[in-house]
2 protein chains.
Amino acid sequence: MAAEEDPGREAWMLLIQLFRSQRREMAAMQTELGLNLAQAHLLKAIEAPQGNPMSEIAEALFCDASYVTGLVDKLEERGLVQRLPSPDDRRVKLVALTEAGRTARANFMCRLSQPPPFIESMSVEDKRALCDIFAKAAQALQDNG
Amino acid sequence: MAAEEDPGREAWMLLIQLFRSQRREMAAMQTELGLNLAQAHLLKAIEAPQGNPMSEIAEALFCDASYVTGLVDKLEERGLVQRLPSPDDRRVKLVALTEAGRTARANFMCRLSQPPPFIESMSVEDKRALCDIFAKAAQALQDNG
DNA sequence: TATTGTTATACTCTATAACTATA
DNA sequence: TATAGTTATAGAGTATAACAATA
């Protein structure tokens with residue numbers, strides 16, 4: 001089936017293209033924040049006040065645990081997170097936000113969520129529709145693992 | 001303004017997350033095809049039968065011309081494209097599909113456009129809505145440069 | 001023996017700067 | 001002098017494999 005006949009295929013192809021068109025702006029923003037997307041996502045993924053295990057974070061980030069080590073190293077150097085021992089299992093390390101991290105996170109998220117022109121210029125109805133559809137999809141993703 | 005109050009911001013954050021969730025599958029697909037996203041996009045960007053200039057392709061791919069050199073090198077080695085001299089300007093090289101390239105492109109596009117589960121599992125109404133909204137956005141992108 | 005996190009390492013994607021040929 | 005494409009190179013993002021500590 002050709003992409004033009006299947007709305008799922010066509011939507012996916014368009015999405016890839018739209019996303020790709022933002023590569024440079026995304027890179028510039030990451031430089032500006034001194035934070036790459038993975039690190040931003042990591043900050044967002046820390047939900048428990050006492051911190052989350054590295055392995056849990058790797059899963060939330062859809063990446064390998066070995067990569068998380070490096071990400072946490074850099075965030076720890078900047079004083080945004082800290083590694084804490086888990087009371088339950090001495091192998092596990094919990095990654096928790098510091099006070100500075102909590103403050104910084106809000107600012108990062110504000111900058112990061114600034115939508116690119118291809119979204120910004122949509123009608124508010126389209127933005128809402130997009131938002132609803134994506135929210136459902138993200139929920140399904142979380143439910144199905 | 002927080003992301004939860006602005007559908008544009010929220011849609012963008014969800015989109016980043018959904019896209020990110022497909023990183024591994026996308027990588028696997030690229031390995032399977034022996035083609036990265038940039039190369040696939042390049043193949044798609046060749047529209048004129050006599051080929052398109054490298055600089056034009058770089059623009060279509062949102063990347064630097066120096067990177068296009070390498071992409072074309074690899075595609076040429078595989079016999080999918082060829083560099084042709086431009087009749088107008090001896091500095092310019094036109095990148096054209098070979099016969100094999102034309103055949104291969106259709107197959108690549110078929111595989112590439114296979115939507116990920118987060119799209120596949122949507123209702124057909126949502127897929128159509130997504131498709132319409134993205135098509136408008138892509139059109140605007142093309143119009144505004 | 002299995003699992004958590006780390007280290008060492010290597011590979012891919014991509015840009016920047018310097019260069020060649022042509023305009 | 002300016003432009004199209006190439007080369008050399010460097011940096012970022014990420015995975016794999018081997019390892020140490022703990023379970």
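In what follows, every chain begins at residue 1, and chains take the letters A, B, ... in the order their sequences are listed. Since this is a predicted model, take the numbers as computed values, not measurements.
Between the side chain of T98(A) and the backbone N or O of L80(A), at least one donor-acceptor pair lies under 3.5 Å. Although no hydrogens or angles enter the test, the distance criterion places no donor-acceptor pair under 3.5 Å between the side chain of R20(B) and the main chain of H41(A).
In this structure E99(A) satisfies the salt bridge (charged side-chain N to carboxylate O under 4.0 Å, His left out) test together with R102(A), sequence neighbours excluded. E76(B) meets the salt bridge (charged side-chain N to carboxylate O under 4.0 Å, His left out) test with R83(B); sequence neighbours excluded. Listed by chain and residue number, nothing satisfies the salt bridge (charged side-chain N to carboxylate O under 4.0 Å, His left out) test with D64(A) (two or more places apart in sequence, or in another chain). Shown here are the side chain to side chain donor-acceptor pair (under 3.5 Å) partners of Q139(B), two or more places apart in sequence or in another chain: D143(B). A search for ring pair (Phe, Tyr, Trp, His ring centres under 6.0 Å) contacts involving F19(B) returns W12(A), F19(A), not counting sequence neighbours. For F62(A), there are no ring pair (Phe, Tyr, Trp, His ring centres under 6.0 Å) partners two or more places apart in sequence or in a different chain. In terms of the salt bridge (charged side-chain N to carboxylate O under 4.0 Å, His left out) criterion, residue partners of R91(A) (sequence neighbours excluded) are, by chain and number, D89(A).
Between L42(B) atom CG and dT14(C) atom C1' there is a gap of 14 Å when expressed in whole angstrom units. Between the CG atom of N52(B) and the C1' atom of dA4(D) there is a distance of 15 Å, given to the nearest Å. When rounded to the nearest whole Å, the span between NE2 of H41(B) and P of dT14(C) equals 12 Å. In this structure, the NZ atom of K74(B) is 14 Å from the C1' atom of dT6(D), given to the nearest Å. To the nearest angstrom, P of dC13(C) lies 10 Å from CZ of R20(A).
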Could you run through nucleotides 18-23 of chain D and give me one letter per nucleotide, 5' to 3': B if any protein heavy atom sits under 4.0 Å from the base, S if only the sugar-phosphate is that close, - if neither?
-> ---BBS
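Shown for residues 23-40 of chain B: residues whose heavy atoms fall under 4.0 angstrom of DNA chain C, namely Q30(B), N36(B), A38(B).
Counting Ile, Leu, Val, Met, Phe, Trp and Tyr side chains that sit under 4.5 Å apart, directly or through other members, L84(B) shares a hydrophobic cluster with V92(B), L94(B).
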Could you go over nucleotides 6-10 of chain C and give all protein N or O partners under 3.5 Å, atom names and distances?
residue: dT6(C); atom: OP1; partner: R83(A); partner atom: NE; Å: 2.9
residue: dT6(C); atom: OP1; partner: R83(A); partner atom: NH2; Å: 3.3
residue: dT6(C); atom: OP1; partner: K93(A); partner atom: NZ; Å: 3.2
residue: dT6(C); atom: OP2; partner: T69(A); partner atom: OG1; Å: 2.8

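Within the structure, every side-chain polar atom (N or O) of S55(A) is placed at least 4.0 Å from both OP1 and OP2 of dT3(C).
Contacts classified as salt bridge (charged side-chain N to carboxylate O under 4.0 Å, His left out) and involving residues 111-137 of chain A (residues at least two apart or in different chains) are given here: E32(A)-R111(A), E120(A)-K127(A), D126(A)-K136(B), K136(A)-D126(B).
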